[in-house]
Amino acid sequence: MAHAEPIHLTDADTKLPAGLSAWGTRSLILGLVALGLGIAADLGHFYFGYLTAFYFWLTLTLGALVFTLLQHVARAGWSVAVRRTAENVIGNFPILFLLFLPILVITATGSSAIYKWNDPATVEFDQTFMPAKLGVYTHYLNSTFWTVRIVGYFAVWILLSLFFRSQSRSQDQDGDHTRTRKMEILSAPGLLLFALTSTFAGIDILMSLDPHWFSTIWGIYLFAGSMTSFLSFMALTLMLIQRHGGLKMVTKEHFHDVGKLLFGFTFFFGYIGFSQYLLIWYADIPEETIFYKHRQEGNWAAFSVILLFGHFIIPFLGLISRHVKRNKSSLAFWAVWMLVMHFVDMYWIVMPTLAQKTGHPEAIPFSWTHIAMWLGMGGVLFGLMLKRAGSQSIVPLRDPRLSESLNFQNI
Amino acid sequence: MQENRLNQSASGSSGHDDTAPQKLYGVVAEYGTPDELMAAATRVRDAGYTRWDTITPFPVHGIEEAMGIKPTILPWFTLCLGLTGTSLGLFMQWYTNAVQLPYLISGYPFLISGKPMFSLPANIPVSFELTILFAAFTTFFAMLALNLLPELFHPLFRHKRMPRFTSDRFALVVEAKDPLFDRARVEALLAETGGAVLDPLLTPTTRAPLPKPLISIAVIVACIALVPPAFIAKARVSKSDQPRIHIIQDMDMQPKFKAQAPAPVFARLFGDERASLQSPDGTVARGRLVEDASAVSGKDSSGEWISGFPAGFSLSEEILARGRERYQIYCLPCHGMVGAGDGLVSQRADFLGRAQAAGATPTGMNWVKPANLSEQRIREQANGQIYATITYGLNNMKGYASQISRDDRWAIVAYVRALQLSQSAAVGSLPAEVRAQLEQQPR
């Protein structure tokens, strides 16, 4: 419609449905059990499965953060009705910090169970054969500076999420429009901070698994994955709430937009992933090609093909149609697909390191514990998110653009 | 009140060509709000009319649904032509880079650094760009075509209320071409939907003729446009001793004389017919005086290779250092660090030769291994002969006269002698401390 009709929201629309509130605690407990089982059954190499699961959920949460920031910086109208979902997800940053503590603590105390650069033998080897690389260890990749940086990234994320969540929640109470303005102004520097911290976190936590390898597009590659995973997660969460009777005013127009973004970032992922591959392939320098060599050996070759087709080509063709994005069932299918593929992506990034460590670089060290940790961690985070959603309205009630969002129509 | 004003302003004749015979184009109704228009459009749609349209000053969401307009087929054009772009990009790269056919229809396979002729990763960017180009152009032009654009004039422009339809009023037009059209019934339907039925839209039955000056201008422009093609056509079938018209000069014409060019007329007064004047007999360029002919040829007056060095060339540590430096620049790649014939080029050729012998590479290759400079045959050569080999080349080795100056070539000869000595020096001839060092090393 060309004009805004006053839409009256009832409690049924704006409160988390009772059926779903009960899921919060259940999901939390199930998640803890699965996570505990996964860790207990795989104590020897649990760090790598744990890191894969952790980074999956970290990128998803970072996707929620950048989604929130983008809506404010663009003064987006359409997304107001669905924005609270993102705000509930970014409340997970403190929990993610706690979840990262095992890796943080062992690395800070000098263990090289995950990071080779923490092993004096690696440094010694480089001293002999690659003296030019030594500065990497003395100036950047050492446990002290690494720990300081990681704490710094989480501090930035937690502060950003606190600010945007508290402003939005307070607006529910007082309806103060200047809060919207404040969020718009701070979202621009917030995006800069996000870009820097998420890029460097990607370098420090994932790229440094191989201290010699480097790729300047790495941060963007991970960002593309953040967006596909969060958008899928958001679509599924909204559908779940609707199935339990809430959020009735979120229409297929909103899902269509989420689907468009998902489609766009699916292609973006392919574009960035290929850009990284092309430059390394063309230059053909051993210290760069080693990354792909590890991922083309033995079973990893098939795994890489699964990533190429599963994360890019198939969903690109699948999501290309407008009707697929406007139909909830088909969108849900692709959202689940993209979430699984994002896990495949994280697995593809982390696990070759474990494969080399165990002496079988060509084998995929798959174990059900990896899945248990992935889903378990997700259960914990999802449960906490639901609890957070239950404690307040699930739409920004008095956002000045709410009615624009509710009346939103795609052309 | 408003209704009255509407009717008043809508009364009176519409159209500009009042003199020409008029026919009915359609029935026009006016609405005050988009909602009224939407409701009316739904009614007209349900009544089964097909040739009708709505006019709104801004995009009204949902109007296409109310009018019963089917989803556009534009995306299919975009998809198909996008895929055409992808295939065309891939095909062009494959055809031009990797296809060898008879002359005129062949591609141009060109081996660079042993890279594959056709390799997907390298060809993705071009295919991607062509996909985007084709998809974007198709979307744009197909959109225009599907909307029958550009349309310079529409009969509705004749309607008096048209300016309001682009400002603050909404209109619905049912065309007389509609198979169900019946003026009284349409007007009744539109009135029923709450629209103010305006004067019907009339349109002249005949088109106004084109203005006369426009026709003459068009004829003149068309004639002028024929002149360049006519010249080109004439040039295709006639002969001329004039050089071709040189449109883009670049650096082809420079104010200088080329080798073997005739001298300009004025300059012939002073020299011969040649543009390059000859130097007088006995002239020696500065720094080019050769006192000993053997420094150039490597031979003495009786035609034998000289065994020493030419006159004026005295051995010193600096000369040897210079010789080593030049040797390591020009000779080392093939002859190796100590002249054993094992430079990197030689090693690579050796590897390729073995690969070829094993049938691993298809390319035909002939390679004469670089000489070991310390072998007896070369030890026995006179200095002059080694100098001549460097100057003129031998077998695979090309002459280096153009790259290495004469004095440097002699310096290299001296260094080659030093290398030969280093490969067969007797222990006894070494200085005492070097000998002690050697003896300490494990065998």
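In what follows, every chain begins at residue 1, and chains take the letters A, B, ... in the order their sequences are listed.
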For A/Ser304, check side-chain hydrogen bond (donor to acceptor under 3.5 Å, both in side chains) against everything at least two apart and list the hits.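 A/Ser304: side-chain hydrogen bond (donor to acceptor under 3.5 Å, both in side chains) contacts with A/Trp348.
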
Quick check on [X]: does its [atom1] atom have over 12 non-hydrogen neighbours (other residues, nucleotides or ligands) under 6.0 Å away?
X        : atom1 : value
A/Phe214 : CZ    : yes
A/Lys248 : NZ    : yes
A/Phe333 : CZ    : yes
B/Met92  : CE    : no
B/Glu65  : CD    : no
B/Met143 : CE    : yes

B/Ile63 versus chain A, the contacting section by heavy-atom distance below 4.5 Å: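 Answer is neither: B/Ile63 stays 4.5 Å or more from chain A.
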
Side chain / backbone / both / neither for B/Pro75 at chain A, heavy atoms under 4.5 Å: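 Contact with chain A involves no heavy atom of B/Pro75 at all.
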
Can you give me the closest heavy-atom contact between B/Pro125 and A/Leu278, atom names plus distance?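 So the two residues come closest at CG-CD2, 3.7 Å.
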
Would you say A/Tyr282 and B/Pro121 make side-chain contact, with heavy atoms under 4.5 Å?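 SC-SC contact between A/Tyr282 and B/Pro121 ruled out.
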
Check the pair B/Leu79, A/Ile320 against side chain to side chain contact (heavy atoms under 4.5 Å, CB included), reporting the backbone distance first and the verdict last. CA-CA 10 Å; B/Leu79 180 69; A/Ile320 205 168; 4.2 Å; yes

Could you name the residues of residues 264-275 of chain A that have a heavy atom within less than 4.5 Å of a heavy atom in chain B?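 From residues 264-275 of chain A, the residues near chain B are A/Phe267, A/Tyr271, A/Phe274.
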
